[in-house]
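Worksheet for the structure shown next.
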Amino acid sequence: MSRFEKADTTYSFPEMEERILEFWEREDVFAKSLVRPAPNGNYVFYEGPPTANALPHPGHVLTRVIKDLFPRYKTMRGYHVARKAGWDTHGLPVEIEVEKELGFTSKDDIEKFGIAEFNRRCLDSVRRYEKEWRRISNRIGFWLNYEEAYFTYTNEYLETVWWLLRQIWDKGLIYEGHKIVPYCYRCGTPLSSHEVAQNYKDTKDPSIYIKFRIKSDMRRFGTELAEGKTYFLVWTTTPWTLLSNVALAVNPKAEYVAVFHAGEHLILARDLLEATGLDEEPVVASMRGADLESIKYEPLYTFIPVEKPAHYVVTGGFVTLEDGTGIVHIAPAFGEDDYQVGIENDLPFVCAVDERGNIVPEVTDWAGKNMKDADSEILNDLKERGLLFRSATYTHAYPFCWRCDSPLMYYAFPSWFIRTTSVRDELLANNEQINWVPEHIGTGRFGQWLEGVVDWALSRNRYWGTPLPIWQCASCGELHCIGSYVELQELAGFEADDLYDQEKFNPHRPFVDSLTWKCAECGGEMRRVPHVIDCWFDSGAMPFAQHHYPFEHKDKIDSGAQFPADFISEAVDQTRGWFYTLHAIATMVKDSPAYKNCLVLGLIQDEKGHKMSKSTGNVADPWKVIDRQGADAFRWYFLSATAPWVGTRYSETAVVNSLQKFLIPLWNVYSFFVIYANIDDFDPASDAKPWSEREQLDRWIRIKYNRLVQSVIENLDKYRVTEAARSIENFLDLLSNWYVRRTRRRFWQGEKNDSKWNGYHTLYEILVGFSRLISPFTPFLAEQLHQKLVRPFYPDAPISVHLSDYPEPDASVSEPDLEEGMDAALRVVKLGHAARNLSKIKVRQPLRGIILVTNDRQLPAVLEEYCGIIKDELNIKSVDWAEDAKDYVDVQIKPNFALLGPRLGRQTREVQQLLASSPATELVAQLSETGHVVLNTSEGEVTLDPQDLDIRIIEKEGTAAQRDGNLLLVLDLEITPELREEGLSREFINRVQNLRKTLQLDYEQRIEVKFSVGEPVRSAVLKHADTIAAETLAIDFGEDADLADEQPNVYTAAIEALEVLIKLVPVKGA
RNA sequence: GGGUCGUUAGCUCAGGUGGUUAGAGCGCAUCCCUGAUAAGGAUGAGGUCCCUGGUUCGAGUCCAGGACGACCCA
């Protein structure tokens, strides 16, 4: 009868995991973990909502592994971790996905198709991907509360977003302005930077130099310039923007000159004289850019009247001297820099081109023409007026629309902004309260971003998103921001039975666009502005919106129960995404950080170190590895391989490595335990001896285990995942390769004695504790151990390992002598194996002994109790300490640099040389006689005390010796006839054991053995017959000279080129 | 163009506050162990610690400049 379920060594981890998933589902384990007693209160985790517009890739799996680790850990440590799932459902990425499906190329297609239906398709798409995300999240054991997941498109969520916007509105932080965006006039849509980056092409544009005639008095720069024939020379590649020119910009620090050319004076940067071919002309004046500020010039065109002062020189650091003339023409409608300059100098906003790329009617000469087509006509006009200095063509990289290949234009769109610049100080102050892991993100990437924060461009000219809740009066321009559905209903007076059922009331476009009311000021019609908002605002609103705050669950936020978060974690690309929007909204609305600890993950790269992306097609499918190696292997790889914030090169081989390093050895230890516990019918619930009565090795592994618990908790509390995982690996190595290895013999003993029972109890307790310790890391294998080791014996135990308490370190577990001694023994054994290797004498051959040499006076006493283990492990008869070290070692003396360096300074090097050139033995003799060493240096005598010297022992040439620091081990290589016979008998045992294994005999199967072999093996085997019989479980053992290899049950083997015949017959019923 | 991180063995990565023998795992070679082992152990080969300069008695480590790579932002 077996108490423990057999643990095959040919085991499929993925299959085991599938069974455990079923078990979790059947028993509803996650739900049960949520209602566990939580004496330590809440640990708040925010799930950063994935945008459900594509399949998850390995990077997402990493994020989800980390996001699972801490909630599991904290739950087991007595916290309640609510962890609502969430999905980011709005936004351009989703729209593009649907546009692709429907084969759309422009916004017109969407409007023809119908916004309502288009939005419905967006929702369908999101739902579809959400299923895939749930499937993989579930498979890797990422526990989240999907039952109560938040979706950013729901009425509840959206209402909170409106409420938040209203709070920000009430603070006067929302305004309308212009945003320069890359824009395709054919598709009628702005493009995101990602789209722009897809289609840069080399293109030919006009390269023209134009003269702007100066109106101001230039006399102060020289009398020659007073005559009115002085011009600014300006370069541009977009003649059509000249229609919208309102200023010229110079670099205030650069040097400008006026040159005389063809009867006129031209002003440009000195550095660009040669590039414009004016370097031969006489320079009549020179000035700083700053001197030119405010100088007025005649506008080239006056089709559009300006309502503010314009057409003068401004200064700006962005003006470079790399090409052109060092004087830049400014058209605020058509460039980011230009727009900023316009704001800073309060310039008028002139826009001579409409949204379709055509010249506006006011420009009577070219009204209705496409801007590009107007280029040449404008050129001709300037030429006729004598204002064109030179024209050529110019080849440069320029972005084109990735859909229709039209050249993009940078166009100033009316947009709504949040004035985040006015809360910059608060953003920075709240950032101080966040613990960033790694630290540099907080001060670097994130902190610097906050310092240079710009106003948040909030609106988007799109369809599938949270509508901007701002209504404007068509007559007087009065604005109103809506903060709740009730308010909207009162104003707009629509019918809805249920404001939270989208069948009855859908706050999305197009319905919301139809709601209007009379302006309170003038009686005009209040209409909604047409925009939706940036979907990043949605995700940043999740701390509040996931609870429909403040309309419901007001207390969760106000009491601090679910705000701010204790922990969030996403990849580094979220720095300016979710990390920022969470922070900005929380700061503006609550003047608080939104999260206390933020673990920033590196990006997962492909095998060549490049970011995985859909467009390059190097995205690995995580399912392959999960199906083949299992989720635990995947998880362990991410958690142990490298620091999570360092980008990791991902490959299946790497996952296999981590499987072999951790999961397989652990499985083997478990399987070993099960084999012997079943043979001996071990009952874990039986009485265990107190630790004080157990063996050294048992107490030692418990000490190491206790240290492990301490280390894992310390590291996890600091969010140091890799360190925690590595300490687990190191412990497993000690458990498997020292504790189990050294304990095996105890389990092999035939009778059931205390020593054996102590071993079972110890290994059992360690394995059970270990399973809890690793359960946040590898939840499946941990569960397997719990189910097989604990549940059958302790009916009252939690039904899942994830419902048990996390191990706590036990301060009373400490035996410094034991720990030091065993560690030293390990060190000696390592040296012994190394020495045996050098001597090429295998461990099976017993040797007389080892001689240890050290100048550590404590070591012999420390090691005394552990000589038995050393002898056994190294297969030697004695461990001796050398009385006279000189026979085995030489001495090497070096300065103790850490002490002598600061004291001697420059002399250090000379002392080093003197020590190296003096015979070490003499120095040692001097030291033992006088207590110090005196050296004659060029700068006088130097006296060195023992602590100033680093005395090392080194092995003499030609001995089978190995050294580790100041411990040297010498192997006695002489093999006496007795040792030789013993060695041969062990060879024989090995052959029989190999046979047992080949024949797949049960571990306890008794056998009958006959053998036939020549000398010298024969007499060795006969001499040690009793031992051989005992070791191989042979109840009948003897020589049979008549064996022949054709006979049944007779096998051949070889010992040192000598053929051995062995007849092996299992004994029935024994 | 600005910012952040990185560059250490064939590969993947460790190397608080500077201290003279730079480590681990994988891979390779040789050997050992195996009555838990798809395992494990040992030894070996394999390093201009990206380059240049500086600080220092002493630099993989600190400073400056540069090269290359990745990412973010213009």
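Order of the sequence lines fixes the chain letters, A, B, ..., with proteins taken first and strands second; residue numbering starts at 1 for each chain.
The nearest whole Å value for the distance from the CG atom in L659(A) to the P atom in rC26(B) is 13 Å. Summarising the geometry, the separation between CG on L874(A) and C1' on rC32(B) is reported as 13 Å, rounded to the nearest angstrom. In this structure, F747(A) atom CZ and rA36(B) atom C1' are separated by 11 Å, rounded to whole Å. Atom CZ in R746(A) sits roughly 15 Å away from atom P in rA36(B) (whole-Å rounding). Rounded to an integer number of Å, the gap from CZ of F446(A) to C1' of rG2(B) is 19 Å. One interatomic measurement links the two molecules: CZ of R991(A) to P of rG35(B), which rounds to 11 Å at whole-angstrom precision. For the pair L450(A) CG and rG3(B) C1', the computed distance is 13 Å after rounding to whole Å. In this structure, CG of L732(A) is placed 19 Å from P of rA24(B), rounded to the nearest angstrom.
Rounded to the nearest Å, the gap between the C1' atom of rG46(B) and that of rU12(B) is 16 Å. Only the C1' atoms considered, rA22(B) is 23 Å distant from rC68(B), to the nearest whole Å. For rU7(B) and rU20(B), the C1' atoms lie 24 Å apart once the distance is rounded to whole Å. Here, rC13(B) and rU30(B) have their C1' atoms 26 Å apart, quoted to the whole Å. Atom P of rG19(B) sits at a distance of 10 Å from the matching atom of rG60(B), rounded to the whole Å. Between the P atoms of rA24(B) and rA38(B), the separation comes to 25 Å (whole Å). Nucleotides rU55(B) and rC11(B), compared at atom C1', are 36 Å apart to the nearest Å. Nucleotides rC50(B) and rA59(B) have their P atoms positioned 15 Å apart, rounded to a whole Å.
Among the nucleotides rA39(B), rC71(B), rA36(B), the one closest to the side chain of P665(A) is rA39(B). When distances are taken from the side chain of R726(A) to each of rA36(B), rA39(B), rA14(B), the shortest belongs to rA14(B). For F897(A), the side-chain atoms get nearest to rU20(B) when compared with the rest of rU20(B), rA36(B), rA39(B).
Of the nucleotides present, rA64(B) is the one that pairs with rU52(B) by Watson-Crick or G-U wobble criteria, both distances under 3.5 Å. The base-pairing partner of rA45(B), taking Watson-Crick or G-U wobble contacts with both distances under 3.5 Å, does not exist among the strands shown. Judged by Watson-Crick or G-U wobble contacts below 3.5 Å, the nucleotide rC11(B) has rG25(B) as its partner. Base pairing of rA59(B) is not made with any nucleotide, judged by Watson-Crick or G-U wobble geometry with both donor-acceptor distances under 3.5 Å. In this entry rU20(B) has no Watson-Crick or G-U wobble partner, no candidate having both defining distances under 3.5 Å. Across all strands shown, nothing is found opposite rU34(B) as a Watson-Crick or G-U wobble partner with both distances under 3.5 Å. Applying the Watson-Crick and G-U wobble criteria (two distances, each under 3.5 Å), rG69(B) pairs with rC5(B).
We find the CD1-CG distance between I664(A) and L732(A) to be 11.5 Å, quoted to the nearest 0.5 Å. Atom CG of residue L900(A) and atom OG1 of residue T908(A) lie 6.5 Å apart, to the nearest 0.5 angstrom. Annotation: the span from E982(A) atom CD to I975(A) atom CD1 amounts to 11.5 Å, rounded to 0.5 Å.
Residue whose closest nucleotide on RNA chain B sits further toward the 5' end, between Q912(A) and D733(A): Q912(A). Mapping K661(A) and V740(A) onto RNA chain B via the closest heavy atom, the residue that lands nearer the 5' end is K661(A).
Of all heavy-atom pairs spanning T420(A) and W456(A), the tightest one is OG1-N, 3.3 Å.
Ring-plane geometry between F13(A) and W667(A) is classed as perpendicular, the angle between the planes exceeding 60 degrees on a 0 to 90 degree scale with a lower cut at 30.
Remark: N896(A) is not in phosphate contact with rG19(B), judged by side-chain N or O atoms under 4.0 Å from OP1 or OP2. Considering only side-chain N and O atoms, Y676(A) lies under 4.0 angstrom from the phosphate OP1 or OP2 of rA36(B). Side-chain N/O atoms of R744(A) include one lying less than 4.0 angstrom from OP1 or OP2 on rA36(B).
Atom CZ of R742(A) has more than 12 neighbouring heavy atoms from other residues, nucleotides or ligands inside a 6.0 Å radius.
Residue R986(A) places no side-chain atom within donor-acceptor reach of the base of rU34(B), judged by atom type and a 3.5 Å distance cut-off alone.
Between F682(A) and Y676(A), the gap from one ring centroid to the other reaches at least 6.0 Å.
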